[in-house]
Every structure is written in structure tokens, then in C-alpha cells.
Amino acid sequence: MHMADALISPAVGGTMLVVSAGVAAYSIKKIKSELDEKKIPLMGVLGAFVFAAQMINFAIPATGSSGHLGGGLLLAIMLGPYAGFLTMSSILLIQALFFGDGGLLAYGSNVFNLGFFTCFIAYPYIYKWFTRKGLSSKSIFNGSMISAIFGLQLGAFGVVLETLLSGKTELPFRTFVMLMQPMHLAIGVVEGLVTAAVVTFIWKARPEIMEKAALGQALGRIQIKKVVTGLLIAMIFIGGAFSWFASANPDGLEWSLEKVTGTAELEAEGNIYRVLSDFQQKTAFLPDYSFKTDEDAVDLGSGDAWPAVDAGTSISGFVGGAMTLALASLIGFAVSLFKKRKRVASA
Amino acid sequence: MSHHKLEVKNLHFSYPDGHEAVKNMSFTIYHGESVGIIGANGAGKSTLLMLIMGIIFPDGGEILLGDVHVTKKTLSMVRQRLGMVFQDPDDQLFMTSVYDDVAFGPRNYNLDEEEVENRVNYALEMVGIAHLRDRAPYKLSGGEKRAAAVASVLSLQPDMLIMDEPTSALDPKARRRIIHLLNSFEHTKIITSHDLDMILDTCQRVLVIRQGEIIADGKTLEVLSNEELLDAYGLETPLSLQNCPKCGSLKG
Amino acid sequence: MSNIMSALSDLRLLDNLARGKTFIHRINPLVKLLTTVVYLTVVVSFGRYEISSLLTFIFYPVLIFALAELPVTPILKKVLFVQPLIIGIGILNPIFDSHSVLLGDIAVSRGWITFLAIFIKSGLTVTVSILLIATTGMDRLAAALRMLKIPKIFVLQLILTYRYISVLMEEVHRMLRAYSLRAPGQKGVQRNHWGSFAGQLLLRTFDRAQRVYQSMSLRGFNGEYHTGKSAKLGLIDFAYFSGWSIFFILARIYDIPVLMGSLLIGVMK
């Protein structure tokens, strides 16, 4: 599933963007060192293939429903992890821009959830392990199935964590996990089945493609461990820096990390947020600024950071909101009308 | 201008699976000639073109462009002088605008951007689609795509044009336009096709290929009116050379 | 199958719109990209309960629509198309947060407020992303990425993917039509054809990639992608970027609708 901009906070989005850019830069370096310029058009055209293949409805036996391909695992198998990751990245960028699927701020998260876990975890550790003794229908099936499921579970968990850290949903951690993981189990099974079917077909029809794909992508164990550790450290540092910057800048953007509070599962972090949020309150410079928790506020809740809402402010909000919308539409119509007149006049 | 001569000597090529696609072919194409290459499906036309362009290399024999052997070392020079137009323009127009596609070649040879622009404009005007320069290739009609693909090669200012099935999948008018276009070029041309009427309209000379061998090489009109020869090799006399189906009277 | 055609017509629509020649279209693509990113960051930085100040941010898309002469209905339809996903997640907020708060004299569930905030944000962010591409187009966006020093390999690969989406989608469309004509009354591709159906397409894709590579290398490609000159940044571009950014940040700090509302109420009193 794609993360949307509306569900992510700038701190989480920014962190994931930096991290994914790092993985992409590393992958580009790796591809350049392979010196295989044939791979570039192949990556491009296979990216388009994934778009087209996503349009195919695969009827799922005995359910009456149909599923479709995500494509990340297939790309990793056909292109190797580095080229697969880059191809997935450009697919996600086009989806975000042209189809509103995922967003620009959430782009880093989506690349990480759908590209990194598949290409750098599921593929090298699971698929490659199953097919280590050579390809057979059975090893392809098991490898595809398990790595598709595992990759999507990690991706789904990534979505859960990123959304909760962004603090845009009220869902408790446990409920969210219980919702996302089983749903992605089903998606993973379809992904695994379709990937296995396609890979087996290619392997039987044109074995040389699979041989070529398997070449030049020996992924040293140590290397990937280094990469993962490096990423974790980077994520913590960048995330920390972003949040610190955010909370230390009262007049700047209000990065919403500190908004996550109250859920028992995130209690540990909750304390940090409380501190940050206190800091924010002390430094808020507009007295009636709506972030600031006011003890007298009508708040029937648990002491969440509910903004100060008095009758006056909320009526002003209603009236002002209506005025804003009216003004925006008025300006829009006026400009359009003006432009139309000009076009007619010049025609 | 001897360096415009293309010489193929005892050329031989077989695919890794053992299929012998080109067997002992020899011919010479001189400056300014237009040569059609015809043959049934699988006769070896495409393999021959790929060998000439240096996409694959022969197991025997040689190809000379002027005095230069086509080898890995000379590829960059050879490819600047031979321009190949692919059968499916979608394979050749891979950028997001016609302009960028036509500019792709010149930019790869590190020409400065002013020169690139001159060449693009010149090439687009030559094929008559200057007005399409900012369009996305996938939105062009079949004929426009074909013209754009030709322009993408002309911008490299080659001495020789090599065209694979330039009229396939075109409607009659677009086909006619491409024929006019081809005839307007002064380049040396090699054209493969099943469209024998087009070959008749554009080429003075024709090579007939069958199972990797040249079985006829001569003036187009003579070869294409040899019904027996054509029939034996899975080809057909061009319509324009056939007797009138209504009255049976002989044409031209 | 119809979703292929609608996806294709979406792509074409955006491509056609991007060929416009208005003031907005002529703004440097990098500046438009950065303005969009600032906008998204600011909109998304709003807390869960803030709705009134969010409304100020509608000015930006409205002005782009009007100045770039874009058709409102088809673009908003695209935006609405992705909203169900957001609604799916956001609708759970009222269930999990049933605390009610008083807005004046009316009691409202807090979950509904957060839901509404997510809904508005999603509408704004998706609209603005689509407006970026509808006024810029893929080629100029790629140029913007180059100006950001994104490696050429990635940009070239992105362009190629974009270019071949329509070619391959049309191919799938033809394949599905042929399939459905011989498999009447079936919903989707049957299990035993999964591998061969998608696999055939994949094989042809490999062949096409091979031909594309050949046609590239015949024109001198050797792994290095050369772009033309990138458009220079002019004074107008700087003004455009800073103007909008200042507006976004001011609108973020001051709750303009509330200020306007209190002003109006104050005047009336």
C-alpha cells in the first residue's frame, strides 16, 4: 500500500526521503561499477512493464475476486537488487505524480517500504536462499512465495510505523497492525503466486534471461549487513535531527511528531513527545495560537494536546473559513473570466 | 567518393543455437545507389542489417565501409556514417519529445547545443515535421512516427541510410509520403521490405535473399518481373507489374 | 480492461495540459517543483485538529487552475479517485477517538475533526502534485531533476519508463481483449494462464528493451546520457518561488481565516 502525503509528517517524510536517496545513490554507484549500459534501457522498459502488468486482473481461484501484481520482487529477480530498486523508485515517482498514488513527501517512505524491503531483504536473503542450489519449479515457487509475503509484511509494518510516528491517525498501534498485516498477507500470497508463475515461465521459455539476471549481482553478506546497520543509524540520526530542528523552531513549521501521544503502545516515545510538546507550549508566541494547550479548554479527553477552542475562536473559524473559500473561488473565477476574455479578444 | 562504398565479403554468421542465418554473402553497394533487400520471413535480412551495423559480429568474412573494417574498434565512426531506421518507430523514439529524440544522437557525439539545435531543425524540416518538434512521440500518427524516426537518424548526418521495413503498418497515404521522402534523399540507401511495390518505386537494384544466401542480384525491374524466381522463394510479383485483374491486359 | 484505457487517457490528458503556454507553464520546472514541495511540507505540518488555517491553502491550487487555464472537472475527478484510500484510513479516526469537544455550543466528536483534517489535506496534496505535472510535463520535470543533480542514469531510466508505459499498456490491452474474446464470461486471467500471459508480455518487453538499446547505441549511446541545456533561472522564477513560500509560511503561522472571521464579527458588533 502506498503512503499518502496526508498521512505523513514532514519529519518522517524527510527522514525517509534522505534514507531512500542514500540507498538509491549506493545502487547507482553499484550499477555504474557493473558497467553494463544495456541495463539502463532494460530497467526503463521493465518499469513500464510493471505499470502494464499491474493492469492485468488475475482471477484468484475459488474466491471470485481478482488480484494484481505489485512487481517489486519480479524486478529484483529480473534485474538484481540495485537495478530493481532504482526501477521501483521511478515507478513510484510516476505513480505519485501522474496518478496521485502516494505523494511527493511520502515518496521516500514508499520507496523504502516497497523497494528496499523487497530488493535488499526479501530477494537476497529469502529468494536467493531458496534458489541457491539452482532453479527448479519448486525452488522458484517457494522462493517467490516466501519472499513476496515476507517483503510485503515488512512493507506493511513500515507503513504502520511511519503513519503512527507521523501522528495523523487515531488508530492504536495494535489495531493498526492487526489491520495491515493480515491484509498484506493476502496481497503477498497473490504477489508470490503471480511472480512464481511468471518467473517459471521465463525460466522455461528463455533460460538465458534468468542466467544473465543471476550474474553480476552477488550480494556479499557483510555488505548488506553494513548497509542495513548504516541505514538504521542514519535513520535515527536524521530523524532525531529533524525532530530536534522542528521542536527547536517554534515559529517555524510545526513538525507534528509530538502530536502522537496517549496510546499505551507508544508510551516510551510518548514521554519524549510530552517534553517536546511542553517545550512547544512554552515557546508558542501567539497567545491564542491553536497548538497551545490551554488548561481551561473544553477537553473531555485524556489531556491530549487539544487546542484551545473557545466559542469566539470557533465562530471566527467558521465565518473566516467560509470567507476564505468564497474568496478563493471568487479569485479563481475572476482570473478564469479575465483569461477567457483575453483569449476571445486576441482570437 | 570511394569511402562511401559498402563492401560485404564472404560474410558468414550463425546464432548460438547453431542456426546459420547468413551464409557466404558477398556484394558491394556503391555511392548513391538505392538497394532493396527482399526475401521471405526468416531469410536473414534482419541478421544482415545487424551485421552491417555492428550490433552483432560475423564468424567469417568481413564488412568494409570505404576502407574501414566494421569491428568493435571502428563502431563509433561506422555508426556515425550509417544511419539505421528500425521497423518499429516505438523502439527508436524513446524520449519524451520529438526534439529530444532527434537530438539524442548528436548529443551523444558531444556536439555543442547550438549545433545540435541546427541539426535537429534541419532533420525535422527534411522529413517535413518541423511543426511536431515539441510533441510526445507516442501521440504521433503512424506516418509521423516513421518520419520522426527517420529524422532521429538524419540528425547524425549519415552517408548511408539503412531502413528496415519502412512502410510496414502504414496507411496508403502515409506509405506514399514515405516513398516520396525516401526518393528525395540523395543518400546511399539499403531498404529491406516485403512491400515489393515500394521497393520498385525506390530502388534501382535489388538483392533477393533465401536461407542466408543471395540468390539474385540485379536491376529491380528485371528481378521483380521474374515471376518464377519470386514464386519459388515465397515472394510475389508486385501488383504494379501484374496483369490487369479485370481485362488481363499487360501493364507497363 | 477499462481501467487501462482510463489510465492511458489520464496520462494523455496530463501530457496535453503540460503543453500549454501560460505564464505558469513557463515558470522554471525546478522552481515549480520546489514550490510544490514547500507547499506540501507546510500543509502536512499542520496538527490534527487544525482545519480553519488549512483552508487558506486552497488559494494556491485555485490560482494555478485559473492561471494555467486547466480544466477543473477531470483533474478533480482524478483526485477523488484516490480519496477512498484516505477515507479508508481516516474513517477509523471517529471510531477510535470518540471524545467530543464543544465548538461553540455544538458538541462534535474529535475523531470527525481529525478525519476532516486528513480529508482536506489529502485533497490539497494530491491536487497540487497533479497540478505540478499538469503544468510541467515529464520532460521538463526530468530537466528539473537534472538541475537538482539527480544522477543521469536515474533520470534516463525514469524517462524511458514513462515513455513505454503507453506502449506496453496498449499491448496489454490488446492481449486482454484477445484473451477475453476466447474466454467469455470469465473475470480476469485464469490461474493456469497467469505465468504464460504475463510471461509472454515480459518476454516481448525484454526483446523490446534489446531493440531500444540497439537503436540507442547505433546513435552513439555508451552509458552516458546527455541532456541539453537546462533552462536558466530568471528573476520571475525567484519571485514566484519566494512569493509563494512567504505566503505559505505566513498562512502557516497566522490563522488567516480566524483573523478574518474575528475582524468581520468585530466590525459587525
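All chains are named by letter (A, B, ...) in the order of the sequence lines, taking the proteins before the strands, and each is independently numbered beginning at 1.
Here the straight-line distance linking atom CG of L218(C) with atom CE of M84(B) works out to 6.5 Å at 0.5 Å rounding.
Residue contact with chain C, scored on non-hydrogen atoms closer than 4.5 Å, involves the backbone and the side chain of L93(B) alike. Heavy atoms of A136(B) lying under 4.5 Å from chain C belong to its backbone as well as its side chain. Interface residue V167(C): only side-chain heavy atoms are found under 4.5 Å from chain B.
No more than 12 heavy atoms of other residues, nucleotides or ligands sit less than 6.0 Å from atom CD1 of I236(C). For CG of L235(C), the number of neighbouring non-hydrogen atoms (other residues, nucleotides, ligands) closer than 6.0 Å is 12 at most.
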Across chain B and chain C, going purely by atom type as modelled, what donor-acceptor pairs are there at a distance under 3.5 Å?
residue: D15(C); atom: OD2; partner: Y138(B); partner atom: OH; Å: 3.0
residue: N16(C); atom: OD1; partner: K139(B); partner atom: NZ; Å: 2.6
residue: R19(C); atom: NH1; partner: D134(B); partner atom: O; Å: 2.5
residue: R163(C); atom: NE; partner: L93(B); partner atom: O; Å: 2.6
residue: R163(C); atom: NH2; partner: D90(B); partner atom: OD1; Å: 2.7
residue: R163(C); atom: NH2; partner: L93(B); partner atom: O; Å: 2.8
residue: Y164(C); atom: OH; partner: D90(B); partner atom: O; Å: 2.6
residue: R208(C); atom: NH1; partner: D88(B); partner atom: OD2; Å: 3.3
residue: R208(C); atom: NH1; partner: D91(B); partner atom: OD1; Å: 2.8
residue: R211(C); atom: NE; partner: D91(B); partner atom: OD2; Å: 2.3
residue: R211(C); atom: NH2; partner: D91(B); partner atom: OD2; Å: 3.4
residue: S215(C); atom: OG; partner: D91(B); partner atom: O; Å: 3.0
residue: S217(C); atom: O; partner: R79(B); partner atom: NH1; Å: 3.3
residue: R219(C); atom: O; partner: N108(B); partner atom: ND2; Å: 3.2
residue: R219(C); atom: NH1; partner: D101(B); partner atom: O; Å: 2.8
residue: R219(C); atom: NH2; partner: Q92(B); partner atom: O; Å: 2.5

